[in-house]
There are 2 protein chains.
Amino acid sequence: MSDGVLTIADRIHNKLDDLTRAERQLAHSILENYPASGLGPLAALAKGAEVSVPTVARMVQKLGFNGYPEFQAELREELKAKVQNPIAKHDTWAEGAPSGHVLNQFTDAVIDNIRHTLGQIAPAKFDEACAMVADQTKSLYIVGGRVTHTLAEYLFLHTQVIRPRVTHVQSTSNTWPHYLLDVAEGDVFVIFDVRRYENNTLKLAEMAHARGAMIILFTDQWRSPVHQLAHISFSSRIVVPSAWDSAATTMLLVETMIAAVQNIDWDGTKERMERLEEMFDQTKLFRKFT
Amino acid sequence: MSDGVLTIADRIHNKLDDLTRAERQLAHSILENYPASGLGPLAALAKGAEVSVPTVARMVQKLGFNGYPEFQAELREELKAKVQNPIAKHDTWAEGAPSGHVLNQFTDAVIDNIRHTLGQIAPAKFDEACAMVADQTKSLYIVGGRVTHTLAEYLFLHTQVIRPRVTHVQSTSNTWPHYLLDVAEGDVFVIFDVRRYENNTLKLAEMAHARGAMIILFTDQWRSPVHQLAHISFSSRIVVPSAWDSAATTMLLVETMIAAVQNIDWDGTKERMERLEEMFDQTKLFRKFT
DNA sequence: TTCGCCTTGTTACAAATATAACAGAATTTT
DNA sequence: AAAATTCTGTTATATTTGTAACAAGGCGAA
């Protein structure tokens, strides 16, 4: 909506009385399935409305555009703005912060990333991945790289509570080959690999793959080379106004996965959590109150 | 939608592996603001994706269309169908997921958390905290707990690139008192403490405070007891439909802080990053391309 | 009924847009 | 390390698409 807040549909409505018979016919045709019809070629629009080509051209000028292409361009802008989620719209997040403040810029970017990422995930694949992670008949290996090991660690920390036979492998350490000794056919690897993709991680993935392990990959929009070996891949958008990439979206996916996995065998999870609590009580690690 | 049930976005996704570098770049650009960008002229799309005009033409053919106009026509059909079908409304994040799916529930909760959290942060305080973290005349200590050490680690990893004199202290380890030996008046502590608040972390904070250090605290909405000692506190909302709390919002804050801090002395940051790159090159840790 | 104006459509032209052919660059294979 | 293949971009051509000019048709007023 380049000028003002009026959509083109609004403008057509306002002008409706000033239009001639053929033009009105056209106007209704445009509004009929808005905005799709207006985005096609002029001739098609004319034909659809059963008016002549110049009628379209003239009406577009009456609406204040310099030509049909300009009209289309604004329609596209409108569409773009519309598709972008209402939440991402310029609510300023931190009240009182100038909208150019890092807090706002960054948050906008992350919300945007989340939206794009979630839009590309097939729920069925996600469920399948969760089932694999929950499968206690197989061993589970979690692999992170230089930066992503924090995410891997986070997933490890929680899956460890949920189920036995979980191992955290750091591909940056050169001790990782030891961990692969016990890998059996059908074991599950959750691998994190985002830019800059690490050679170690790829090698590890190849070995795991060669031994018949199943790979679930968390990567970015450009996709780590590991994805060719992976059974299931999830790619997050990670671009933010910073010299580094954002891990927030991937973190969200990981947390969601944890939530889903804990529910698959909730009784078992609950029982394990209670036992863990008991042990915590004995170590007096946590405060009892507040 | 016109043939079969596959949207063009789906088709692009399926083909993604068969595409070349430039084509993949283009594909992402199309999905970026879909479908608006695909409805403009071919040249504009090419320019937006920073590829050449024929690359677009070729990819469109790979997707199985007889030409760009045909591709556009189908996009419009899709749009038409989508607008007519109220169920296709954009309130569901992961399209095709029943709205009760974990992916949607969890994401909704996190977005909500972000809104609440950001709404309560005073930008001035945030800037002040960033300045403290950036101040290279003081030593910086980063402290995490059992779960939050992943966040602490993440912050550490990046601040370490930005500036010297950064230390990561794990309060869960019993070696932490050693780290406090060198603490001087005015040194800065960034402490993470969320439910369940840890005794170790509180003790550590007390000692740091006694030595005249400044404390920046990342906690949750109920606030860790450390906040009474803290110079600046940030409380995140962390409730999600899961047995555990969410770290995603706090992660967002941490990343924003990293972005802000790197800008305070950008020249210095850049220089350090370049040196790091050189060292990476020598270790061949990362893949050179893609 | 006839004149004049407004509206609409047909035709012709100009501009833009998409496709095809080619050549250089990059990547992979031998 | 060289050759072959694949990929990518530049240039040129053909087609489509939009616009302008013009002519025919319709409608109201005298």
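As the structure is a prediction and not an experimental result, all values here were calculated from the model. Each chain gets a letter, A, B and so on, in the order the sequences are listed, and its residues count up from 1.
- In this structure, the CD atom of B:Q61 is 6 Å from the P atom of C:dA20, given to the nearest Å.
- A:S235 and A:T219 are not linked by any side-chain donor-acceptor pair at a separation below 3.5 angstrom, with hydrogens and angles left out of the test.
- Here the P atom of nucleotide D:dT19 and the CZ atom of A:F71 are 12 Å apart, to the nearest Å.
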Item to check | Under 4.0 Å protein heavy-atom contact, by nucleotide of nucleotides 6-14 of chain D - B base, S sugar-phosphate only | outcome: -SBBB----
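- Atom C1' of nucleotide D:dT17 and atom CD of A:Q72 are separated by 10 Å, given to the nearest angstrom.
- Rounding to whole angstrom units, CZ of residue A:F65 and P of D:dT19 are separated by 13 Å.
- Across the protein-nucleic acid pair, A:L45 atom CG and D:dG18 atom C1' stand 13 Å apart, rounded to whole Å.
- Side chain to side chain, B:N104 and B:T107 fail the donor-acceptor criterion of an N or O pair below 3.5 Å.
- No donor-acceptor pair under 3.5 Å is formed between the side chain of A:R211 and the backbone N or O of A:A184.
- Evaluation of the side chain to side chain contact (heavy atoms under 4.5 Å, CB included) rule for B:Q61 yields no partner, not counting sequence neighbours.
- No side-chain donor from either of A:Y154 and B:E153 sits under 3.5 Å from a side-chain acceptor of the other.
- Atom C1' of nucleotide C:dT17 and atom CG of B:L39 are separated by 16 Å, given to the nearest angstrom.
- When rounded to the nearest whole Å, the span between CD of A:E70 and P of D:dT19 equals 10 Å.
- Panel note: side chain B:E32, backbone B:S29; no donor-acceptor pair is recorded below 3.5 Å.
- We find that CG of B:L42 is positioned 7 Å from P of C:dT19, with the value rounded to whole Å.
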